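Data first, discussion second: the structure below is written as structure tokens.
In this text the structure is predicted, and so the values were computed from the model without any measurement. These values consider heavy atoms only, across backbone and side chains, with no hydrogens, waters or symmetry-generated copies.
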Amino acid sequence: MSYTALYRKWRPDNFSDVKGQDHIVTTLKNQIRYDRIGHAYLFCGTRGTGKTTVAKILARAVNCANPQDGNPCGECEVCRAIADGSSLNVIEIDAASNNGVDNIRQIRDEVVYRPTEGRYKVYIIDEVHMLSIGAFNALLKTLEEPPEYVIFILATTEAHKIPVTIMSRCQRYDFRRISVETIAGRLKELTAAENVNAEEKALRYIAKMADGAMRDALSLLDQCMAFYMDRELKYENVLEVLGTVDTDVFSSLLRQIINEDAVSIIGTVDGIILDGRDLGQFVADFTWYLRNLLMLKASDSAESMIDMSAENLARLKEEAFMLDEAVIMRYIRILSELGSSLKYATQKRVQVEVAMIRLARPQMETDMESVTERLKKLEELVKEKEDIIALTALRPESPAVVYTQTAAEEKPHAAKPPKYEIKALSDDLREVVTNWRGIVGQMDNVYETFLKAARLTVVDDKLCLVADNKFTHDFLATEKCMSSLKSVIENTIGKSVELEIRLLEENAVFEDTFTNVEDYVKMNITVED
């Protein structure tokens with residue numbers, strides 16, 4: 001016997017097995033239970049949500065000799081005949097290929113004959129929006145006053161194309177997209193029934209990719225099971241089969257964009273292409289990732305709307321501190337435009353690379369959002385300078401002194417102290433430096449101001465903050481500030497690092513004594529751990 005696809009093998013045969021459409025199932029069961037069956041139904045909804053399946057169950061239930069709580073028994077002669085397609089009283093019509101006036105006239109001629117078995121003759125017209133205007137007009141009179149033994153069930157994915165005259169004569173039922181939780185639960189049931197060992201994370205990802213369609217989810221599961229036959233179906237396997245990208249890649253790419261690291265951005269895109277991922281799906285998933293980021297930024301209770309592991313959610317929260325809502329919305333706008341243009345692009349890779357660089361470099365664009373972002377960056381730089389000047393003015397030993405570039409140039413020349421060179425940078429310190437902007441953003445406002453006034457470096461394999469005045473140094477060196485900073489770093493990278501505060505010597509220049517570790521990391525120098 002030939003193999004039967006999962007979506008056909010596990011198609012529900014009663015209302016109780018229909019998932020995610022309780023509002024429709026309950027209504028139809030009550031109509032059957034209390035014999036209040038309508039003469040015309042319109043089932044609307046996106047693909048794979050159960051329209052045709054519910055129509056077939058309804059056709060069996062209204063003709064069943066022994067209905068049980070509104071469900072067909074599945075054992076009587078009528079139920080078996082309808083199930084195997086041999087019943088003459090349930091007629092399925094594909095309006096996509098039978099959309100002419102003559103096809104509908106044939107229905108009108110047939111409805112005068114009573115059903116040979118059961119109570120009702122049921123016409124299921126799928127994709128009914130494909131009927132021509134003439135065909136709709138031919139159907140109208142029969143639909144308005146059908147014989148008492150005839151039921152019409154019209155199914156469509158595009159309800160807006162149905163004439164109002166037809167719609168007003170039907171009971172309309174809107175099939176909702178099925179939730180990720182419901183689809184994942186159904187997939188778990190089916191994999192157990194099929195004796196397939198599947199990771200829960202893998203099933204949830206398939207459910208998410210199905211976009212609310214149970215049939216799509218079963219088809220994707222079928223595809224993944226076929227590729228990894230007789231092996232456990234893991235999350236990584238699903239990504240490989242479906243050509244999609246892991247969340248870690250989106251997080252890494254976003255941080256590269258924030259740091260304006262064009263070289264790393266191109267490298268990430270290159271890796272995605274070499275792994276055989278679909279660029280269109282990649283753009284769609286990255287847009288969804290940014291949507292989750294925007295939800296976190298816009299609402300304190302957004303966690304319930306985000307389907308993500310606790311580990312990834314913590315990382316997303318950290319990234320939410322790095323960006324303003326306007327910037328995220330600009331990212332989403334650019335990616336949405338990219339997603340539309342990719343459908344017809346011949347050079348998809350080039351378009352993706354250019355769009356990623358546009359995300360990182362707002363100065364390349366002249367639209368209002370980009371100009372606003374550039375102005376905000378300038379304002380941040382100005383504010384940092386003003387904070388430094390204000391903090392310097394508060395120094396007790398010289399309250400009225402404000403150091404300017406001219407004053408620095410007039411400082412007496414002194415012997416330069418030996419410079420602390422960075423010979424190697426551990427992975428932990430490199431991760432702290434890469435995420436420094438987000439770490440500072442997570443600190444309380446008062447701490448954030450002082451941290452921005454200090455310079456970051458590494459001395460003797462220790463993370464070091466260098467302050468150019470004693471007031472800033474003493475504030476950062478307090479136990480409360482150090483404890484808070486260490487806690488944020490540990491929450492960000494998952495590890496603790498050694499941290500110290502240093503005061504820049506009088507008349508010294510930072511670059512002459514220390515190495516700017518952020519520039520060091522951006523140079524992409526390969527060092528030994």
Test item: [X] and [Y] side chains (from C-beta on) under 4.5 Å apart, heavy atoms:
X: L254; Y: L293; answer: yes
X: L342; Y: V352; answer: yes
X: Q256; Y: L253; answer: yes
X: D211; Y: D216; answer: no
X: Y289; Y: E319; answer: yes
X: V150; Y: T142; answer: no
X: W436; Y: I439; answer: yes
X: L359; Y: F286; answer: yes

Donor-acceptor contact present, side-chain [X] to main-chain [Y], <3.5 Å:
X: D126; Y: E92; answer: no
X: N71; Y: F15; answer: yes
X: K51; Y: F175; answer: no
X: N89; Y: T116; answer: yes
X: D94; Y: A96; answer: yes
X: S87; Y: A81; answer: no
X: K121; Y: Y113; answer: yes
X: K188; Y: L203; answer: no
X: R60; Y: K56; answer: no
X: S252; Y: V249; answer: no

Between [X] and [Y], does any side-chain N to carboxylate O distance fall below 4.0 Å?
X: E189; Y: R186; answer: yes
X: D285; Y: R277; answer: no
X: R204; Y: E199; answer: no

Suppose we screen for side-chain contact (heavy atoms from CB on, under 4.5 Å). Which residues come up paired with [X], at least two apart in sequence or across chains?
X: D69; value: K29, R33
X: A5; value: Y7, D222
X: H39; value: P146
X: D174; value: C44, R172

Checklist entry - Run the side-chain contact (heavy atoms from CB on, under 4.5 Å) check on M295 and K297 step by step: do they pass? => result CA-CA 5 Å; M295 291 298 103; K297 196 76 176 175; over 6 Å; no
Please name the pair of heavy atoms, one in [X] and one in [Y], separated by the smallest distance, quoted to 0.1 Å.
X: L338; Y: A355; answer: CD2-CB, 3.7 Å
X: A210; Y: R47; answer: O-NH2, 4.5 Å
X: G38; Y: I151; answer: O-CG1, 3.8 Å
X: V101; Y: G134; answer: CG2-C, 3.5 Å
X: I32; Y: I37; answer: CA-CG1, 4.4 Å
X: I206; Y: C224; answer: CD1-SG, 4.2 Å

Checklist entry - Which pairs with one or both residues in residues 3-23 pass salt bridge (Lys or Arg N to Asp or Glu O under 4.0 Å), sequence neighbours excluded? => result K9-E194
Rounded to the nearest 0.5 Å, what's the gap from [atom1] on [X] to [atom2] on [Y]? Could you check?
X: F282; Y: I273; atom1: CZ; atom2: CD1; value: 9.0 Å
X: I265; Y: R361; atom1: CD1; atom2: CZ; value: 7.5 Å
X: L88; Y: I82; atom1: CG; atom2: CD1; value: 11.0 Å
X: I93; Y: I125; atom1: CD1; atom2: CD1; value: 5.0 Å
X: E127; Y: S97; atom1: CD; atom2: OG; value: 10.5 Å
X: K348; Y: L279; atom1: NZ; atom2: CG; value: 7.5 Å

Going by side-chain hydrogen bond (donor to acceptor under 3.5 Å, both in side chains), name the residues that satisfy it together with [X], two or more places apart in sequence or in a different chain.
X: S336; value: none
X: N66; value: none
X: T287; value: none
X: D275; value: none

Item to check | I166 and L154: CA distance, side-chain angles, deciding distance, side-chain contact (heavy atoms from CB on, under 4.5 Å) verdict | outcome: CA-CA 10 Å; I166 296 290; L154 315 179; 3.9 Å; yes
Item to check | Residue pair D109, Q106: steps toward the side-chain contact (heavy atoms from CB on, under 4.5 Å) verdict | outcome: CA-CA 5 Å; D109 294 339; Q106 183 178 353; 5.5 Å; no
Next on the checklist: Apply side-chain contact (heavy atoms from CB on, under 4.5 Å) to residues I162 and F136 and explain how you reach the verdict.
Outcome noted: CA-CA 9 Å; I162 306 297; F136 273 125; 4.2 Å; yes
Checklist entry - Just checking, is any N or O donor in the side chain of Q21 or T49 under 3.5 Å from an acceptor N or O on the other one? => result no
Next on the checklist: Distance alone, cut at 3.5 Å: any donor-acceptor contact between the side chains of D84 and S86?
Outcome noted: yes
Does [atom1] in [X] sit with more than 12 non-hydrogen atoms of other residues, nucleotides or ligands closer than 6.0 Å?
X: R176; atom1: CZ; result: no
X: E325; atom1: CD; result: yes
X: E158; atom1: CD; result: yes

Next on the checklist: My understanding is that only residues two or more places apart in sequence, or in another chain, count here; which of them pass ring pair (Phe, Tyr, Trp, His ring centres under 6.0 Å) with F152?
Outcome noted: Y123
Checklist outcome for this item: For Y120, the ring pair (Phe, Tyr, Trp, His ring centres under 6.0 Å) test, sequence neighbours excluded, returns none
Checklist entry - salt bridge (Lys or Arg N to Asp or Glu O under 4.0 Å) with E353: which residues, sequence neighbours excluded? => result R349
